[in-house]
Amino acid sequence: MATTLSASERREARDQVLTAGALIGPATIFVAAGLLVPIAILFRYSLNDVGPYKQMIEAFTAANYLRFFSDPYYTTVLARTLRVAVTCTLVCLLLGFPLAYVLARMQSQRKNLFIMLVVLPLFVGNAVRAAGWMALFGSKGVVNSLLMRIGLIDAPLEIMYTEVVVTIGIIAVNLPFMVLTLQSVIEGIDRAVEEAAFSLGANPYHMARRVLLPLALPGLLAGSILTFILAMNAYATPVLLGGPRFVMMGPLVYNQFVQQNNWPFGASISFVLMAATIVLTATANILVQRRYRR
Amino acid sequence: MGFAVDTRRLGRWALNAVACIAMAYLLVPLVSVTWLAFWSQEIPTFPPEGYTFAWFGAALAQPKFVGGFLTSLQVGIAATALGVALGVPAALALARRGFPGRGALNQFLLMPLVVPGVVLGTAIYVFQVEAEIATEWPILGSVPGLIAGHALIVIPWVVRLIGASLAGFDRSIEEAALNLGAGPWTAFFRITLPSIRPGIVAGALFGFVTSFGNLEMSLFLIAPGMTTLPIAILQYLEWRLDPTIAAVSVMQIALIAAAMLVTDRYVKLARVV
């Protein structure tokens with residue numbers, strides 16, 4: 001192949017690769033230095049020992065990981081985080097798919113407005129949205145006051161600082177990601193396929209199960225993985241809605257790292273969190289793809 | 001036939017109902033915090049005793065929020081400039097055909113958005129600790145350190161949105177300019193740049209909003225005594241909820257909504273997100 005090119009053509013091809021390299025090089029180096037190197041250092045820290053005053057001692061030990069898995073406090077936090085993340089992902093799928101479908105089949109002018117209404121909460125920040133839930137669910141908040149006024153309850157319900165309110169908060173944070181991911185995939189599915197299923201006598205349930213969902217599967221998988229990762233790593237929502245009593249993995253990493261100043265242990269929790277997220281998403285990916293492979 | 005139409009109508013109705021619930025669910029916290037910002041009493045006990053604009057003034061009188069806003073603005077602008085400077089050439093290179101490893105590099109440059117915020121924060125923190133020890137420069141807790149960290153999460157937006165706007169760009173126009181005697185710089189500034197401008201504006205605004213709202217990474221990278229707006233809001237809310245913090249939230253919502261409307265003039269949001 002190379003022999004059929006003239007010398008000038010070869011030089012031109014090489015120049016093009018060099019130009020492309022010069023263009024993309026700085027960004028690639030920046031991301032590698034800012035992402036891969038830090039994660040490698042963090043992993044090295046997680047193998048270090050902890051001194052009596054929580055100072056870091058150079059070592060090569062699995063003690064931090066063993067400590068995490070042998071203390072029920074930490075394994076409970078991990079189990080709780082997994083439970084919340086799974087619930088949030090399922091609810092996001094159930095609520096997100098219909099909204100994504102309606103948006104995907106909408107006409108352009110109104111659609112843009114609705115997309116903006118989905119994106120706005122995403123960009124507004126988690127703390128601001130948590131403030132909204134706090135105003136609703138506090139002991140003297142809107143929900144409790146209304147329930148007491150109509151006489152359904154005598155004393156305010158404890159909604160704040162529970163698993164329920166944290167789950168509600170994280171679903172609201174993650175739903176836009178699910179909707180946007182699904183929306184772009186559903187847009188790529190030809191409407192004629194749905195009409196064909198209907199004209200062949202399928203009812204809406206069968207059409208969705210046998211035609212729409214299999215075609216939207218890549219989007220369902222991508223959206224669920226993204227939602228699951230975000231829920232596992234939530235920070236502001238569990239801190240504000242869960243308070244000090246309802247600890248999840250994200251706040252735990254911050255506590256160990258910054259407040260307790262225990263870097264090796266904080267680094268190992270960070271890696272347990274990352275590993276749990278990656279292993280579970282990879283497993284889900286393989287299972288779903290095997291289930292639907294023909 | 002009549003029966004089939006009825007189940008379709010029923011299915012359609014159920015779908016729309018769930019879609020409405022989902023949409024309402026997304027907007028409820030924003031509506032709720034906006035409502036609270038106008039309540040006249042300081043302790044947010046429902047029902048409101050009356051309505052006032054006073055809390056907006058109270059919010060602006062708090063140096064933490066104003067200072068945090070200015071820090072977030074400064075860091076956001078600098079990080080966006082750095083991210084655009086690095087991201088635009090990368091997006092241009094990625095749009096060229098026949099360049100080896102294109103798909104993998106694209107995925108790699110999008111990675112900072114996928115790595116969880118808390119992990120990214122701890123990782124960059126230890127990196128800056130090591131860098132400070134190695135170079136003896138004050139990196140940790142410095143504004144440039146924070147800017148560099150934020151630039152990392154701006155780059156994916158720039159690469160992604162410019163990539164989207166380059167998808168419809170015909171390279172032969174650029175080649176025609178080169179053949180007609182334009183230098184590579186002239187061709188870039190006169191042909192390529194004008195056609196990717198919407199992508200740059202959208203990428204920069206999305207990147208800025210991401211940086212401005214970032215909480216997890218900033219928590220690790222700020223020095224004691226320094227604050228950004230999201231951190232100031234979080235710390236205030238950990239202590240108490242009142243109409244003042246709701247007013248701060250409303251101002252942030254308004255600012256971001258304005259940024260989105262501006263972006264929308266350049267690139268239709270429905271096409272890029």
Side-chain angles (χ1 to χ4, degrees), chain A residues 17 20 23-24 26-28 30-31 34-35 37-39 41-42 45 95-96 98-99 101-102 111-112 115-121 123-136 140-142 145 172 175-176 180 198 203-204 229 233 235-236 240 250 253-254 257 266-267 270 274, chain B residues 7-8 11 15-16 18-19 22-23 25-27 29-30 32-33 36 44-46 86-87 89-90 92-94 96 99 105 108-109 111-112 115-119 122-124 126-127 130 152 155 209 213 215-216 219 230 233-234 237-238 241 245-246 249 252-253 256-257 260 268-270 273:
Chain A
V17 170
L23 288 173
I24 203 168
T28 312
F30 189 80
V31 174
L35 190 74
V37 175
I39 288 178
I41 298 175
L42 188 68
Y45 272 31
L95 284 177
L99 180 55
Y101 182 87
V102 171
K111 176 178 181 167
N112 215 46
I115 294 272
M116 275 206 244
L117 286 178
V118 173
V119 178
L120 177 67
F123 278 153
V124 155
N126 303 348
V128 166
R129 275 179 290 177
W133 295 120
M134 287 160 87
L136 283 181
K140 286 172 182 165
V142 178
S145 304
L175 194 53
L180 294 174
F198 282 130
N203 64 33
I229 293 176
N233 293 282
Y235 181 82
L240 292 176
V253 170
Y254 180 77
F257 224 88
S270 201
M274 198 154 64
Chain B
T7 58
R8 272 189 77 174
L15 193 76
N16 282 333
V18 180
M23 197 74 228
Y25 192 161
L26 286 176
L27 296 176
L30 302 191
S32 148
V33 80
L36 177 62
T45 308
F46 185 81
L86 290 166
L92 287 170
L94 286 171
R96 298 189 174 196
F99 144 56
L105 273 174
F108 179 67
L109 291 181
M111 252 177 74
V115 175
V118 176
V119 175
T122 43
I124 294 179
V126 297
F127 175 67
E130 290 292 322
L152 203 61
I155 289 176
V209 168
L215 178 69
E216 285 93 343
L219 267 175
I233 293 178
L234 178 89
L237 281 171
E238 279 189 273
L241 172 76
I245 192 71
S249 303
Q252 195 183 338
I253 295 171
I256 287 165
M260 275 176 52
K268 285 285 159 235
L269 278 173
V273 286

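Order of the sequence lines sets the chain letters (A, B, ...), proteins ahead of strands, with each chain counted from 1.
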Contact summary for [X] and [Y], nearest pair of heavy atoms:
X: A:M274; Y: B:V119; value: SD-CG1, 3.5 Å
X: A:P38; Y: B:A123; value: CB-O, 3.2 Å
X: B:A93; Y: A:L23; value: CB-CB, 3.7 Å
X: B:M260; Y: A:M116; value: CE-O, 3.4 Å
X: B:S32; Y: A:G132; value: OG-O, 2.7 Å

Taking [options] one by one, which has the highest count of heavy-atom pairs under 4.5 Å against chain A?
options: B:I233, B:N16, B:L109, B:I155; answer: B:L109
options: B:L36, B:L241, B:L92, B:I245; answer: B:L241
options: B:P230, B:G87, B:A90; answer: B:A90

Side chain, backbone, both or neither of [X] within contact of chain A (heavy atoms, under 4.5 Å):
X: B:E216; answer: side chain
X: B:I124; answer: both
X: B:L152; answer: both
X: B:L234; answer: both
X: B:L237; answer: both
X: B:A257; answer: both
X: B:P44; answer: backbone

Measure the OG1-CZ distance between B:T7 and A:F198 for me, rounded to the nearest 0.5 Å.
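The OG1 atom of B:T7 sits 7.5 Å away from the CZ atom of A:F198.
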Got a second to check how far A:I24's CD1 is from B:L86's CG, nearest 0.5 Å?
11.5 Å
Side chains of [X] and [Y]: closer than 4.5 Å at any heavy-atom pair?
X: A:F257; Y: B:V118; value: no
X: A:V118; Y: B:M23; value: yes
X: B:V18; Y: A:L95; value: yes
X: B:L26; Y: A:L117; value: no

Step by step, would you call B:T122 with A:Y45 a side-chain contact (heavy atoms from CB on, under 4.5 Å)?
CA-CA 11 Å; B:T122 43; A:Y45 272 31; over 6 Å; no
If I measure from the heavy atoms of chain B, does [X] come under 4.5 Å with its side chain, its backbone, both, or neither?
X: A:L120; result: both
X: A:Y254; result: both
X: A:Y101; result: side chain

Give the C-alpha distance, both sets of side-chain angles, the deciding distance and a yes or no for side-chain contact (heavy atoms from CB on, under 4.5 Å) between A:V128 and B:I253.
CA-CA 8 Å; A:V128 166; B:I253 295 171; 4.0 Å; yes
Among [options], which residue forms the greatest number of heavy-atom pairs with chain B at distances under 4.5 Å?
options: A:N233, A:I41, A:V31; result: A:V31
options: A:A131, A:P26, A:A127, A:G125; result: A:A131
options: A:L136, A:T28, A:V102, A:V142; result: A:V142

